[in-house]
There are 2 protein chains.
Amino acid sequence: MFKALADEGRRQLLDALRERNGQSLQELCELLPDLTRQGVTKHLRILEDANLVVTVKRGRHKLHYLNPVPINEIAERWLSNYERDKLRALSALKAALEES
Amino acid sequence: MFKALADEGRRQLLDALRERNGQSLQELCELLPDLTRQGVTKHLRILEDANLVVTVKRGRHKLHYLNPVPINEIAERWLSNYERDKLRALSALKAALEES
DNA sequence: ACAATAGGCAACTAAAAGGTTGCCTGTCAA
DNA sequence: TTGACAGGCAACCTTTTAGTTGCCTATTGT
């Protein structure tokens with residue numbers, strides 16, 4: 001999941017779906033002109049495995065939808081832990097720097 | 001930055017520093033017993049490059065401090081974009097699934 | 001002073017990620 | 001019904017990343 005987010009191209013794909021949900025592979029390929037169709041497919045596959053994107057086959061098109069649930073979980077579970085300790089960490093950092 | 005977070009070992013290091021800030025390399029090595037000292041060093045280097053960890057040399061020890069600022073930025077800038085669209089994406093997803 | 005401790009640097013290896021090409025399958029429209 | 005379009009699959013190559021080993025430097029305690 002963090003790994004899926006660790007690639008700029010994949011983040012761009014997510015951004016594209018955020019702008020317009022339900023795009024086909026073709027459409028998404030136009031957004032990453034430096035990659036071949038298969039390259040984009042692989043990235044979408046990773047996003048799908050990470051459950052960040054959900055697909056629906058409609059005829060000969062495969063539509064891609066953003067799944068907001070897991071990214072929400074990350075925000076709540078992992079990042080909030082660090083939010084909670086933000087001020088404490090900052091003051092410890094400051095103290096350590098001043099002491100030297 | 002996302003890349004730095006994309007490794008379980010590095011996340012463990014961050015967690016360790018969150019529990020107790022200002023640990024030395026030695027101490028952090030004990031937390032990842034499967035890795036050699038140099039392995040841990042490399043991970044810490046990556047966290048440092050991503051500005052997630054700040055270090056202070058004190059005598060022959062190098063103390064590692066969690067830097068809460070960038071992780072906070074990620075939470076605010078990137079994730080909040082997706083938070084904002086959470087409900088919209090969910091309903092689009094639902095509609096697409098029902099239509100098929 | 002010097003042995004032990006804490007860490008840094010560089011070269012090397014192994015594994016994983018990113019990307020491509022070639023070909024195959026299914027669907028639609030004329 | 002057949003040609004064009006949308007996509008899938010598998011093999012392959014290249015680059016990056018993760019990890020190791022070996023050796024070097026600096027600090028500290030006795």
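Every chain is numbered from 1, with letters handed out A, B, ... down the list of sequences. Not measured: the values here are computed from a predicted model.
For E8(A), the side chain to side chain contact (heavy atoms under 4.5 Å, CB included) partners two or more places apart in sequence, or in a different chain, are R11(A), Q12(A). Residues that satisfy the side chain to side chain contact (heavy atoms under 4.5 Å, CB included) test with R60(B), not counting sequence neighbours, are absent from this structure. For F2(B), the ring-ring contact (aromatic ring centres under 6.0 Å, His included) partners two or more places apart in sequence, or in a different chain, are W78(B). Listed by chain and residue number, nothing satisfies the salt bridge (charged side-chain N to carboxylate O under 4.0 Å, His left out) test with R84(B) (two or more places apart in sequence, or in another chain). The salt bridge (charged side-chain N to carboxylate O under 4.0 Å, His left out) search around K94(A) returns none, not counting sequence neighbours.
For the residue pair L31(A) and A16(A), the shortest heavy atom distance occurs at CD2-CB, 3.7 Å. Here the shortest heavy-atom pairing between L47(A) and A4(A) reads CD2-O, 4.1 Å. Nearest heavy-atom pair, G22(A) versus L63(A), reported as atom, atom and distance to 0.1 Å: O-CD2, 3.6 Å.
Applying a 4.0 Å cut-off to non-hydrogen atoms, the residues of residues 59-66 of chain A that approach DNA chain C are G59(A), R60(A), listed by residue number. Contacts between residues 13-24 of chain A and DNA chain C, counted as heavy-atom distances below 4.0 Å, involve no residue at all. Residues from residues 32-50 of chain A that place a heavy atom under 4.0 Å from any atom of DNA chain C, listed by number: D34(A), L35(A), T36(A), Q38(A), G39(A), K42(A), H43(A), I46(A).
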Output side-chain donor-acceptor pairs under 3.5 Å for residues 66-75 of chain A, partner residues at least two apart or in another chain, one line each.
unit_1	atom_1	unit_2	atom_2	d
N67(A)	OD1	V69(A)	N	3.2
N67(A)	ND2	N51(A)	O	3.0

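Note: the hydrophobic cluster containing V53(A) also contains L32(A) (ILVMFWY, side chain heavy atoms under 4.5 Å, direct or indirect links).
Taking atom CG of residue D7(A) and atom P of nucleotide dT16(D), one finds them 13 Å apart after rounding to whole Å. The interatomic distance linking L28(B) (CG) with dG8(C) (C1') rounds to 16 Å, in whole Å. In this structure, E30(A) atom CD and dG7(D) atom P are separated by 11 Å, rounded to whole Å. As rounded to whole Å, 15 Å separates atom P of dT15(D) from atom NZ of K3(B). For the pair Q26(A) CD and dA6(D) P, the computed distance is 4 Å after rounding to whole Å. The distance from atom CZ of R58(A) to atom C1' of dG7(D) is 16 Å, rounded to the nearest whole Å.
Contact check, K57(B) against dT27(D): no side-chain N or O comes under 4.0 Å of OP1 or OP2.
Atom CG of residue L44(B) and atom CG of residue L17(B) lie 7.5 Å apart, to the nearest 0.5 angstrom.
For the helix from dA1(C)-dT30(D) to dA30(C)-dT1(D), the axis fitted to the five pairs at one end and the axis fitted to the five pairs at the other end meet at an angle of 30° (nearest 10 degrees).
A side chain to side chain donor-acceptor pair (under 3.5 Å) check over residues 32-45 of chain B, counting only residues at least two apart or in different chains, returns the pairs R10(B)-H43(B), R45(B)-D49(B). Residue pairs satisfying the salt bridge (Lys or Arg N to Asp or Glu O under 4.0 Å) criterion with at least one member in residues 19-30 of chain A, sequence neighbours excluded, are listed as follows: R20(A)-E27(A).
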